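Chain naming here is simple, since letters A, B, ... match the order of the sequence lines and numbering starts at 1 in each. Here the structure is a predicted model, which means the values were calculated and not measured.
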Amino acid sequence: MEKIITRFPPSPTGYLHVGGARTALFNWLYARHMNGKFILRIEDTDVVRSTQNSVDAILNSLEWLGINWDEGPYFQTRRFHIYEDYIQKLINSGHAYYCTCLPEELDIMRKKAAAAGEKPKYDGTCRNKGLARTDNAVVRFKAPLSGITIVNDIIKGKVVFQNNELDDFIIQRSNGTYTYNFVVVVDDISMKINTIIRGDDHLNNTPRQILLYQALESEIPSFAHVPMVLGKDKTRLSKRHGAMSVTAYKDMGYLPDALLNYLVRLGWSYGDQEFFQTDELIEKFTLENIGRSPGIFDQEKLLSINAEHIKRDPPARIAKHLLPFLKEQRCTVEEDSHLESVIRTLNKRSKTLKEMAEGALFYFTETVSYDEKAVKKFLKPSVLKPLKLLLDRLQILETFNEKNLEKVFENLIKDTEIKFGKIAQPVRVALTGKTVSPGIFEIIEVLGKKKVVSRLKKAIELIANKT
RNA sequence: GGUCCCAUCGUCUAGCGGUUUAGGAUACCGGCCUCUCACGCCGGAGACACGGGUUCGAAUCCCGUUGGGACUACCA
């Protein structure tokens, strides 16, 4: 069987957004699943809107997501010599011609057609003039006037277009650059792309591209037009819908695997399964299971799948992604700070890494910052005695593990006749400064004897000074 | 306007003519668990857009209506 070759061709006119990321993901997964090749190509023929910043942002986002490419990135602006060859081929074979109609004339032409209730197509003024190349001429593709063009789409099925709906579209601009429909075909031909997976907003472009393939006597690739991702208002995704760039989710504390997991399930399914690790996706991803209707981007569901990944992924992997967020909180994490143990106490109560970093803060700070209300409510004189007793007993305890700690508290409760609930909260406030934290035994164990003892002492002092 | 695509709980979806009182996930509501917050567990409410066919039988096939989306550039 022929080796599958897919590609992702972003235009560098902004950051990589989640919709684009999904398209990249589908192409990447399919190539990996089929043991094929995945190519990255930057479509920067719109020199006005393309920027280097965007290129960098897109590359960084893909890397962060773990979507790696086998070839590229190719840049279309560096391939103009190839396009020129193909233009000449089309002109020589009579499939393209020079046109000297001005933009203003075209504008009037279109408005007139619209007013008359007709299609705003190019009227073919220069189609048969046999014009030679001149400075401000554009090159147009000579499209057939009748007949049909069929797109055999893997997802949509057979889609039939009447050729008379199409017009002689421009393939080379008057400034010498080339237009999308042309370069995309030339690139896909020359890069031997045989499977094109893209948003179904391109379905209407496909007959034009197929016509180009035919004029160039090239084999037509397989097309799979995936339904688009829409915003909450069911319109095309844009900034209006809030955070849409991949980096935004990175910064909010999402795991790349979680974003991938969410994105793939938006339009693709594998029975009732919701949770996937990325290597599992590669194994299970096929084009047949892509749905036909558009999906709405749902932040709530993404958040919950992120929480699921934080819960289930190995702490070591979480640690790698958590570190930047801890630094952001300005806390110094030493090599021996048992980060993985810290994570184990927080992974069930964090939906994002940012949340986790905030929750982990107390483990690392030198001095506990007390929440005023918490102190007022729980560090009262009445707990002074049990707190002191606890301190004494912890100081002589050899190993801090859950079993030993449980015993210490059991005895403490027996001896002081105080309820567990009555002592747990004061201890929590003493150790973390807050009323909310992981379980008491967990934090004592992970904090370690030294920190626990000093924090208990400090709390005891605080209460003593108040009275 | 024209062309094309799409239509199952609020959202993501399973379903590919009978096994369905339409399943799961998420969000929401109630309960249990409990040292706080979470997690977890149990339960509840919630959908086949509408109308015609085809068929012994339709969420599933066909047609129409309605609704939504995309495209219609010397953007990609």
Side-chain angles (χ1 to χ4, degrees), chain A residues 9-13 43-46 48-50 76 99 101-103 106-107 110 113-114 117-122 136 138-140 151 153 155-157 159-162 165-167 169-181 183-184 199-207 225 227-228 230 232-236 262 265-275 289 291-305 307-308 311 346-351 355 359 374 378 409 419-429 432 434-442:
Chain A
S11 61
T13 55
E43 308 220 325
D44 55 353
T45 56
D46 183 347
V48 179
R49 295 197 303 148
S50 297
Q76 294 186 321
C99 166
C101 296
L102 269 15
L106 297 172
D107 206 41
R110 265 191 290 268
E118 280 163 31
K119 309 190 69 61
K121 301 198 302 186
Y122 176 61
N136 284 318
V138 300
V139 178
R140 282 183 186 274
V151 180
D153 195 271
I155 295 166
K156 307 282 183 188
V159 185
V160 180
F161 292 88
Q162 299 295 322
E165 292 290 335
L166 279 21
D167 67 351
F169 55 96
I170 290 170
I171 56 180
Q172 182 173 25
R173 302 185 185 99
S174 52
N175 69 1
T177 59
Y178 306 87
T179 59
Y180 168 72
N181 280 118
V183 290
V184 84
D200 69 5
D201 49 333
H202 286 288
L203 188 56
N204 284 304
N205 283 322
T206 310
H225 285 97
M228 311 211 6
L230 308 176
K232 252 202 152 51
D233 58 357
K234 296 191 174 196
T235 64
R236 204 195 169 102
Y262 173 72
R265 280 289 285 104
L266 195 55
W268 175 84
S269 62
Y270 191 80
D272 280 340
Q273 190 174 342
E274 299 280 349
F275 183 89
N289 291 327
R292 274 133 40 94
S293 47
I296 292 169
F297 189 83
D298 183 1
Q299 310 231 14
E300 298 266 10
K301 183 111 186 206
L302 169 57
L303 185 64
S304 88
I305 204 78
E308 196 72 15
K311 228 171 289 168
L346 288 162
N347 61 176
K348 283 185 176 55
R349 32 199 128 223
S350 313
K351 286 183 190 293
E355 217 180 291
F378 294 109
F409 273 82
K419 277 193 177 155
F420 187 78
K422 289 284 175 199
I423 188 66
Q425 278 306 78
V427 172
R428 173 169 285 114
V429 174
T432 71
K434 295 188 209 62
T435 55
V436 174
S437 87
I440 284 294
F441 304 134
E442 288 177 280

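- If you measure from atom CD1 of A:Ile155 to atom P of B:rA7, you get 12 Å, rounded to the nearest angstrom.
- A sub-4.0 Å separation between OP1 or OP2 of B:rC74 and a side-chain N or O of A:Arg110 is present.
- Ranking B:rC71, B:rC39, B:rA76 by closeness to the A:Asp46 side chain, first place goes to B:rA76.
- Listed candidates were B:rC5, B:rA27, B:rA14. Nearest to the side chain of A:Lys351 is B:rA27.
- Closest contact between the side chain of A:Val159 and the listed nucleotides B:rC74, B:rC4, B:rG24 involves B:rC4.
- Contact annotation: A:Arg236 reaches the phosphate of B:rC71 (side-chain N/O to OP1 or OP2, under 4.0 Å).
- Phosphate proximity of B:rC6 to A:Arg292: present, with a side-chain N or O under 4.0 Å from OP1 or OP2.
- Side-chain proximity of A:Met228 to the nucleotides B:rG2, B:rA70, B:rC37 is greatest for B:rA70.
- Smallest separation of non-hydrogen atoms from A:Arg292 and A:Lys156: O-NZ, 3.7 Å.
- The cationic group of A:Arg428 does not satisfy the cation-pi geometry with A:Phe378, failing either the under 6.0 Å distance to the six-membered ring centre or the 45° limit from the ring axis.
- Residue A:Ser293 places no side-chain N or O under 4.0 Å from the OP1 or OP2 atom of B:rC5.
- Atom CG in A:Leu166 sits roughly 12 Å away from atom P in B:rU72 (whole-Å rounding).
- Of the listed nucleotides (B:rA73, B:rC35, B:rG2), B:rA73 has the atom at the smallest distance from the side chain of A:Pro120.
- Remark: A:Lys311 is in phosphate contact with B:rG40, judged by side-chain N or O atoms under 4.0 Å from OP1 or OP2.
- Listed pair A:Thr235 / B:rG69 fails the phosphate criterion, with no side-chain N or O lying under 4.0 Å from OP1 or OP2.
- Taking the side chain of A:Glu300 as heavy atoms from C-beta on, and the options B:rG10, B:rG68, B:rA27, the nearest nucleotide is B:rA27.
- When the P atom is compared between B:rC9 and B:rA49, the two are found 7 Å apart, to the nearest whole Å.
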